[in-house]
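Beneath this line is the structure, given in structure tokens, with notes to follow.
Every chain is numbered from 1, with letters handed out A, B, ... down the list of sequences.
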Amino acid sequence: MPKDTGIGASTKRREDVRFLTGRGVYTDDLTMFGQAHAVMVRSTVAHGRIVSIDTAAVEAMPGVLAVFTGEDFKDVGGNPAGWLINSRDGTPMREPKRPVLAHGKVRHVGDAYAAVIAESYAQAKDAAQVLSDATVIEELPAIIDMKAAAADASNRVHDEIPDNICFDWGWIEDNRAAVDEAMKSAPHVVTLELTNNRLVPNAMEPRASIGEYFPGTGDYKLTTTSQNPHLTRLLVCAFVMGIPENKLQVVAPDVGGGFGSKIYHYGEEALVLAAAKRLGRPVRWTAERTESFLSDAHGRDHVTKIELGCTKQGDILAIRTETYANVGAYLSNFSTATPTFLHGTLMAGPYKVPHVYVNVKTVFTNTAPVDAYRGAGRPEATYSIERVVDKMCRELNLDPFEVRRRNLLTPDQFPYTTPVGLVYDTGNYQATLDKAVELADVAGFEARRAESARRGKLRGMGLSTWIEACGIAPSHLVGVLGARVGLYDAATVRVNATGTISVMTGAHSHGQGHETVFPQIVAEKLGIDASSVEIVHGDTAKIPFGMGSYGSRSLAVAGSAMDRAIDKIIAKGKKIAAHMLEAAEGDITFADGKFSVAGTDKAKTFGEIAFSAYVPHNYPLETLEPGLEETAFYDPANFTYPAGAYICEVEVDEGTGKVDVVSFTCADDFGNVMNPMIVEGQVHGGVGQGIGQAVLESTSYDENGQLLTGSYMDYAMPRADDVPFYTVDHSCATPCTHNPLGVKGCGEAGAIGSPPAVVNAVIDALHRGGHTHVSHIDMPVSPNRVWQAMNA
Amino acid sequence: MTNVTMTVNGKSVSAPAEGRTLLVEYLRTGLGLTGTHVGCDTSQCGACVVHVDGRAVKSCTVFAMDVEGSDVRTIEGMANADGSLGVVQQAFQDHHGLQCGFCTPGMVMTTAALLAENPRPSEAEVRHGLEGNICRCTGYHNIVKAVLAASGQDADAIAAQ
């Protein structure tokens, strides 16, 4: 009988009840007394000089309360990049100011240069259209193609950056010569040029923000769609607006998905705060979907040349890459870390490859900013590696399963220091590969292929063995690498007088189920009922501090902080129990919710200890403070390294080139699993997004910088009939060695491991169908591209 | 602005609306029923699905005035009379058919209408029936299972096939 509570139980989610009954409270659901509505005025051209904005044209329109332009914010700070990256020659990256509203120039379609505030949303929208018409922008040539941008010194996204290059990064530069030598002497070299397609994150809840200002105290409040309210507060206060941190409360209530896009601070958040102060009224803004397409940070967008040196038997000797990474028009907060330390450091994959060198050139273009999107750098690395390994197998006529087995690190090699600077703590990559082979019934593939062939379909099977690094840490290391923040997290465990518990966590749940999972851990550790534990998150006024949720860090980092805080609670409880039970503290044990004197039947329940802490009549007041509340900050010693093996089967229609993903199998190692139901759900979601990237999703700018895929009419989101049921397994667990729960991140795995499995399966199908000239098709593998490749 | 009257979740209601007021705005702003969400403005994502006279309708593409006098049901009206989750809602919780919850009201409303028309749909019929509702979190696996389970079928067995 599986347990239904505590660690390892598939406890049903408590948050579901409010979501299923329409009682969730997302930002746009809130109504503030006296609120006004903001609508942003966005550039309709990709690149241009602002000549004039005739604000008088709208100031007298019905309901209009205020108009803001870039001029209003020219003296406040810019929205900064969170990581400083140096180029190979040691020079620091170019970091142009990212203003609240564009000033002087507009740099991408959707770049907001003004905002109108009105009594009603409709009035604000009407006025915004009039203001757009009353603005003169001298259009400049759009800079869209990365390589052309880097080659053209005359046309600049930012006037002060001559070659549109942000930085030219080498990892690890000192290894370059050795890698070049290894590549030169390798018996065989495989070369692959590929594009990792730009994606729009598309959390289903559009971004929204409400600003409030309280003149009586000078306090501000920002309610916003954020994955990390404390980080937003830090950026707004310390970098952009200069508000003291203790005068701004940031609340992220229910948030409808993030996938990275809601990590970042956006200009609209500063705008609503400034507008609220000027008007003395709450000011709200909610994005329309097309605004989300135009102005949310996008993901991926790498163009990579990868070379792999190997023996004729398929032993990998060296990997060398050159990548152009698009950062768009401005540096979003994590945009410089994503193509570098979240990408280059993963370029050894799960393999024992002795020589690796990664070069990344980041380029400014007149497109929306690009930043971390589910997986963030690691899908790009995994896709490059797993595609080139697959190509090696084809060129050398080797079995892709056997080649993985030859090259995968073995369990006895951990901890393993990679040539790109990471130390993998633990893993068993053979076990997940064997499990995937079993679950996917690889042995039965030929029969399925024959059956597909009878229906006129080409069937193929693709494999990817992936690894990722999540829960970025430790802080002193990331500081050396250029991070401008620490990457710890915090939790306060507050035991109330009657024994109920509130946990204030720095993690933020926007779909992950923390409200259910975190109490499972508290309940297990304290031997109490999970229903008496409540999770508080998403409010800077309630929680001590937090770096939020992204990069699959919540459980490994914030969960570990919570675990440490619980340990402090138990330690204090033992002191209280020792006094009450008239025993030595060292003789007190804690188990099953009871503090006992070892070897006796004398005991106090957890509830009795909690009560005594708040009603300290029989209490060691001389040596111990009353109350039972503890805070812990946890800074991990290392990343966690989940890994796994994914097998995809596709059917390709030879007549149309249409690809159907017909089965998808995942065998993952996430270490210890707290709630299997939720972990499986995370993998399903990641795989769904990965299939979307591989088969459907294309973000297309034309040569003038117009976004051709700016709505769900044009951008192909995966829908229920685009995907199969998935088979997922996480039984091959090697617990993380350095965090107290033994957990690894699971949130991004599916999106990291799946795209190469899909594309490898498509290439496999084409080869089995006789189209052996096809060595690669870029994502998305649309009918057009597949048909063109088959018929080239 | 004129007052528009209709029945919502069994109660007669009235709220002001302009000619351009969409049903979803009427529900959210006029009546404070914020369970119905706006995810795209273009009738593509399905977060705004409600029932109008028993049919699933995308409320972001219907003028409030056009459904004056109609019988409208929203996510707030889907629980049982005693407040417990209805069959479809319960199936979504049991099968972890939601994560961030934003698309969920539309998914539940579409599912209820789908099952009213086709009480025992196949997996393919479920997937086709949900095509107008986008979820970014779940990869649809558990949503499809939830719908199959709500129809009384063995979702685990079907998913394992």
Side-chain angles (χ1 to χ4, degrees), chain A residues 10 12-13 15-26 28-31 121-122 201-206 254-259 286 288-290 510-513 677-678 680-689 691 711-713 717-728 750, chain B residues 18 20 25 28-29 32-42 44-45 47 74-79 83 85 88-90 92-94 96-105 108 123-124 126-145 158-161:
Chain A
S10 284
K12 289 177 199 170
R13 300 200 326 167
E15 47 271 73
D16 288 356
V17 176
R18 71 174 184 273
F19 295 140
L20 282 163
T21 54
R23 295 190 174 87
V25 180
Y26 302 86
D28 189 63
D29 296 341
L30 294 163
T31 298
Y121 171 72
N202 274 307
M204 291 315 298
E205 180 205 22
D254 286 330
V255 173
F259 314 111
T286 299
E288 295 185 340
R289 178 55 60 185
T290 290
H510 31 279
Q512 295 90 336
M677 176 191 81
I678 285 177
E680 288 162 17
Q682 289 292 311
V683 176
H684 297 155
V687 171
Q689 283 175 307
I691 292 174
S711 81
Y712 291 145
M713 301 288 279
M717 290 282 278
R719 293 172 187 262
D721 55 359
D722 293 314
V723 294
F725 279 125
Y726 320 109
T727 301
V728 302
Chain B
E18 294 180 83
R20 64 180 169 183
E25 297 171 56
R28 288 178 58 81
T29 313
L33 295 173
T34 55
T36 302
H37 296 150
V38 180
C40 76
D41 325 291
T42 54
Q44 293 288 307
C45 82
T74 71
I75 189 68
E76 287 90 347
M78 292 300 284
L85 296 180
V88 174
Q89 293 168 315
Q90 189 62 57
F92 270 72
Q93 185 185 31
D94 290 348
H96 189 29
L98 62 153
Q99 291 183 23
C100 81
F102 195 80
C103 77
T104 306
V108 168
E123 180 202 340
V126 171
R127 291 187 183 277
H128 182 69
L130 294 177
E131 206 204 22
N133 292 68
I134 301 177
C135 168
R136 194 54 152 171
C137 294
T138 64
Y140 301 101
H141 183 101
N142 284 336
I143 291 177
V144 175
K145 280 179 71 177
I158 295 171
Q161 275 168 16

Return the minimal non-hydrogen interatomic distance between B/E131 and A/D721, and the atom names on each side. OE2-OD2, 3.1 Å
Given that the side chain runs from C-beta out, which part of A/Q682 has a heavy atom under 4.5 Å from chain B: side chain, backbone, both or neither? both
Checking heavy atoms, do the side chain of B/L85, its backbone, both or neither come under 4.5 Å from chain A? side chain
What is the minimum heavy-atom distance between B/N142 and A/H684, and which atoms define it? ND2-ND1, 3.6 Å
Proximity breakdown for A/V723 and chain B, heavy-atom pairs closer than 4.5 Å: both
Top residue by heavy-atom pair count (under 4.5 Å) with chain B, among A/Q512, A/H510, A/E288? A/E288
Over all heavy atoms of both residues, which pair between B/Q89 and A/L20 is shortest? Give the atoms and the distance, please. NE2-O, 2.7 Å
Let me know if B/A159 has heavy atoms under 4.5 Å from chain A in its side chain, its backbone, both or neither. both
Go through the atoms of B/T104 and report whether side chain, backbone, both or neither lie under 4.5 Å from a heavy atom of chain A. side chain
If I measure from the heavy atoms of chain A, does B/E123 come under 4.5 Å with its side chain, its backbone, both, or neither? side chain
Using non-hydrogen atoms only, which part of A/M677 is less than 4.5 Å away from chain B: side chain, backbone, both, or neither? both
Less than 4.5 Å to any heavy atom of chain B: does that hold for the side chain of A/T31, its backbone, both, or neither? neither
Structural part of B/V38 lying under 4.5 Å from a heavy atom of chain A: backbone
When the 4.5 angstrom heavy-atom criterion is applied to A/V683 and chain B, the contacting part is neither
Would you say the side chain of B/H37 lies within less than 4.5 Å of the side chain of A/E205, judging by non-hydrogen atoms? no
Any non-hydrogen side-chain atom of A/R289 less than 4.5 Å from a side-chain atom of B/T42? no
Do A/R719 and B/I134 pass the side chain to side chain contact (heavy atoms under 4.5 Å, CB included) test, and can you show the C-alpha distance, the side-chain angles, and the key distance before you say yes or no? CA-CA 6 Å; A/R719 293 172 187 262; B/I134 301 177; 3.4 Å; yes
Under 4.0 Å between a side-chain nitrogen and a carboxylate oxygen: does that hold for B/R28 and A/D29? yes
Chain B heavy atoms under 4.5 Å from A/Y726: which part of the residue, side chain, backbone, both or neither? both
Chain B contact via A/F259 - side chain, backbone, both or neither, heavy atoms under 4.5 Å: side chain
Whatever's closer than 4.5 Å to a heavy atom in chain B on A/D28 counts as both
Best-contacting candidate, A/F725, A/Y26, A/Y121, against chain B by heavy atom pairs under 4.5 angstrom: A/F725
Need one label for A/I678: side chain, backbone, both or neither, based on atoms under 4.5 Å from any heavy atom in chain B. both
